[in-house]
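We use all heavy atoms of the structure for the numbers below, so side chains are in, but hydrogens, waters and symmetry mates are not.
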Amino acid sequence: QVQPVESGGGSVQAGGSLILSCTAAVTTSSRYCMGWFRQAPGKEREGVAIIYTIDGTEYYADSVKGRFTISQDNKKDTVYLRMNSLKPEDAALYYCAHDRPRWDATKGWHCPRRPDEFGTWGQGTQVTVSS
């Protein structure tokens, strides 16, 4: 699997915005789940936002709903995470990951949610939010 490459991290003040980018050689027009995850010091890695590339279905963690938006650019094989109204608690190392969707009779094709269900990870990009 080709490792995703993240970019766009940085330092902002609370209330500010950042856009993270994730480029992966897996074509976003294929059946893939692309996710953004984050890990703060001393905390477990958590899912932030996930997109199913074939139909654009999105998932957001409750803590970021209404503030973060995940999107994709199929021509660039890139997935973005726009982060608005950033809070100090959003500070973390942000990772991009991808994996194949899962199938079951109830949900049909769907994306996994847990970090341990994603197999290919980028190196991460740091986001710092000052109060």
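- Across all non-hydrogen atoms, the minimal contact from D90 to R67 is OD2-NH1, 2.7 Å.
- Cluster membership for V12 and V64, using ILVMFWY side-chain heavy atoms within less than 4.5 angstrom, is shared.
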Legend entry - Test log, rule side chain to side chain contact (heavy atoms under 4.5 Å, CB included), inputs L18 and L86: CA-CA 8 Å; L18 280 174; L86 281 160; 4.2 Å; yes
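- In summary, the side chains of S17 and N84 do present a donor paired with an acceptor at a separation below 3.5 Å, with no hydrogens or angles considered.
- One finds the OG1 atom of T57 at 11.5 Å from the CD1 atom of I70 (value rounded to the nearest 0.5 Å).
- Side-chain contact between W36 and C22 is present, with at least one heavy-atom pair separated by less than 4.5 Å.
- Inter-residue side-chain proximity for C33 and F118 is flagged as met; some heavy-atom pair is nearer than 4.5 Å.
- The OH atom of Y95 lies 12.5 Å from the CD atom of E46; values are rounded to the nearest 0.5 Å.
- Y52 pairs with exactly one of R31, E58, H110 by the side-chain hydrogen bond (donor to acceptor under 3.5 Å, both in side chains) rule, that one being R31.
- Judged purely by atom type and a 3.5 angstrom limit, E117 has no side-chain atom pairing as donor or acceptor with the backbone of P112.
- Considering all non-hydrogen atoms of both residues, A97 and P4 come closest at CA-CG, 4.4 Å.
- With hydrogens and angles left out, the side-chain atoms of T23 and T78 include a donor and acceptor closer than 3.5 Å.
- Exactly one residue among Q39, R38, E6 makes a side-chain hydrogen bond (donor to acceptor under 3.5 Å, both in side chains) with Y94. That residue is R38.
- Note: H98 NE2 to I50 CD1 = 13.5 Å, rounded to the nearest 0.5 Å.
- Between atom CZ of residue R100 and atom SG of residue C111 there is a gap of 11.5 Å, rounded to the nearest 0.5 Å.
- The shortest non-hydrogen separation linking G47 to P115 is N-CG, 4.4 Å.
- Atoms OG and CD, on S130 and Q13 in that order, are 5.0 Å from each other to the nearest 0.5 Å.
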Legend entry - Audit row: I54, Y32, side chain to side chain contact (heavy atoms under 4.5 Å, CB included) steps and yes/no: CA-CA 7 Å; I54 202 68; Y32 265 93; over 6 Å; no
Legend entry - Trace of the side chain to side chain contact (heavy atoms under 4.5 Å, CB included) decision for M83 with I19: CA-CA 6 Å; M83 306 184 293; I19 300 176; over 6 Å; no
Inset, instruction - For K65 and D62, run salt bridge (Lys or Arg N to Asp or Glu O under 4.0 Å): C-alpha distance rounded to whole Å, both residues' side-chain angles, the deciding distance at 0.1 Å, then the answer. - result: CA-CA 5 Å; K65 281 181 182 176; D62 288 342; 3.1 Å; yes
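- T125 places a side-chain N or O within 3.5 Å of a backbone atom of G9 that can act as its donor or acceptor partner.
- Look at R45 and D116 and you find no salt bridge, because none of the NZ, NE, NH1 or NH2 atoms lies under 4.0 Å from a carboxylate O.
- Nearest heavy-atom pair across V129 and A91 is N-CB, 3.8 Å.
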Inset, instruction - Evaluate the criterion side chain to side chain contact (heavy atoms under 4.5 Å, CB included) for residue pair L20 and F68; output intermediate values, then yes/no. - result: CA-CA 11 Å; L20 306 183; F68 290 13; over 6 Å; no
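- Between W121 and F37, the distance separating the two ring centers is shorter than 6.0 angstrom.
- Put simply, the side chain of V79 reaches to within 4.5 Å of the side chain of I51, judged on heavy atoms.
- Shortest non-hydrogen contact noted between M34 and T53 is CG-CG2, 3.6 Å.
- Two residues are said to be in side-chain contact when any heavy atoms from C-beta on lie closer than 4.5 Å; L81 and T69 fail this criterion.
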